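The model shown is predicted, which means the values in this text are computed figures rather than measured ones. The chain is numbered in sequence order, starting from 1.
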Amino acid sequence: MVDRSIDHPLTPKRRWFLKSALAIGAVGASLGGLVYWHRGLSDGKLTEHGRDVFRGLAIGFVGTMLPKDQAQREAILENHLQRVESFIAGMPNVLQVEINAVAGLLANMPTRRMLTGLGSSWGKASEEEVGQALETMRLNPLPTTRLTYQVVRAVTCMAFFANSDNWPLTGYPGPVQI
């Protein structure tokens with residue numbers, strides 16, 4: 001016999017729990033599928049979506065150092081994307097998988113919107129919108145979003161500043177000859 005004296009209106013029922021678990025699982029699987037569909041890397045190379053994300057991140061993090069001339073700017077950004085690809089390829093597989101997931105999150109509209117507030121793709125966003133999206137990530141109350149910001153900033157800046165061709169853009173003359 002069931003003791004009804006222990007029933008409470010706030011106690012979840014089994015069916016409610018199962019429905020909730022199924023709904024959460026469906027949402028999680030959908031987001032996971034989107035991240036895989038628009039992943040950032042494939043066979044060690046940046047995908048179209050990954051290139052769009054890392055190009056937008058470069059504009060957001062180092063855009064003020066880039067030349068104003070559009071042809072020079074595009075050449076530097078293209079070279080930067082190749083450096084990012086090489087940089088990621090030199091990482092352990094575990095980190096490559098994680099960066100792939102982060103790039104996938106930032107490439108897909110629903111997850112990009114949740115993380116950054118950016119509604120359009122990185123390539124279609126203005127420099128101000130990209131800057132605001134990065135600020136949203138940097139100042140987010142969730143530690144995972146702030147960690148995501150730190151990861152993409154580190155990858156972008158390490159690939160950019162490690163390239164000695166970019167040093168004159170930053171005002172760094174290079175190492176002193178001894």
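- Rounded to the nearest 0.5 Å, atoms CG (L118) and NZ (K124) are 11.5 Å apart.
- To the nearest 0.5 Å, the span separating CG on L57 from OG1 on T156 amounts to 4.5 Å.
- When every heavy atom of R51 is checked against every heavy atom of L81, the shortest pair comes out as NH2-CD1, 3.6 Å.
- Counting all heavy atoms, side chain and backbone alike, L77 lies closest to A58 at CD2-CB, 3.8 Å.
- Separating the CG atom in N108 from the CE atom in M114 is a distance of 9.5 Å, to the nearest 0.5 Å.
- Remark: side-chain polar atoms of D52 are paired, donor with acceptor, to backbone N or O of G123 under 3.5 angstrom.
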- Message: Could you go through F54 and R83, starting from their C-alpha distance and side-chain angles, then the distance that decides it, and tell me whether this counts as side chain to side chain contact (heavy atoms under 4.5 Å, CB included)?
- Response: CA-CA 11 Å; F54 281 105; R83 298 280 300 193; over 6 Å; no

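- To the nearest 0.5 Å, atoms CZ (R153) and CZ (R146) are separated by 12.5 Å.
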- Task: Evaluate side chain to side chain contact (heavy atoms under 4.5 Å, CB included) for T111 paired with L106, printing each intermediate quantity in order.
- Result: CA-CA 6 Å; T111 51; L106 293 174; over 6 Å; no

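- The heavy-atom pair separating S120 from E129 by the smallest distance is OG-OE1, 4.3 Å.
- In the displayed structure, E48 atom CD is contacted under 6.0 Å by at most 12 heavy atoms of other residues, nucleotides or ligands.
- Of the inter-residue distances, the one linking T64 atom OG1 with L66 atom CG reads 7.5 Å to the nearest 0.5 angstrom.
- Scanning for ring pair (Phe, Tyr, Trp, His ring centres under 6.0 Å) contacts around F87 gives an empty result, with sequence neighbours left out.
- Remark: N166 engages I76, F160, N163, L169 in a side chain to side chain contact (heavy atoms under 4.5 Å, CB included) (not counting sequence neighbours).
- In this structure, V84 and L46 have side chains that are in contact, with non-hydrogen atoms separated by less than 4.5 Å.
- For E85, the salt bridge (charged side-chain N to carboxylate O under 4.0 Å, His left out) partners two or more places apart in sequence, or in a different chain, are K45.
- The salt bridge (Lys or Arg N to Asp or Glu O under 4.0 Å) pairs that include a residue from residues 53-73 are R55-E74, R73-E127, where partners are two or more places apart or lie in different chains.
- Residues satisfying the ring pair (Phe, Tyr, Trp, His ring centres under 6.0 Å) criterion with Y172, sequence neighbours excluded, are W167.
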- Which is it for Y149 and F61 under the ring-ring contact (aromatic ring centres under 6.0 Å, His included) test, yes or no, and what are the steps along the way? CA-CA 11 Å; Y149 169 82; F61 289 122; 5.6 Å; yes

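- E135 pairs by the salt bridge (charged side-chain N to carboxylate O under 4.0 Å, His left out) definition with R138, not counting sequence neighbours.
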- Task: Run the numbers on V62 and F161 for side chain to side chain contact (heavy atoms under 4.5 Å, CB included), then give the verdict.
- Result: CA-CA 10 Å; V62 297; F161 293 114; 4.0 Å; yes

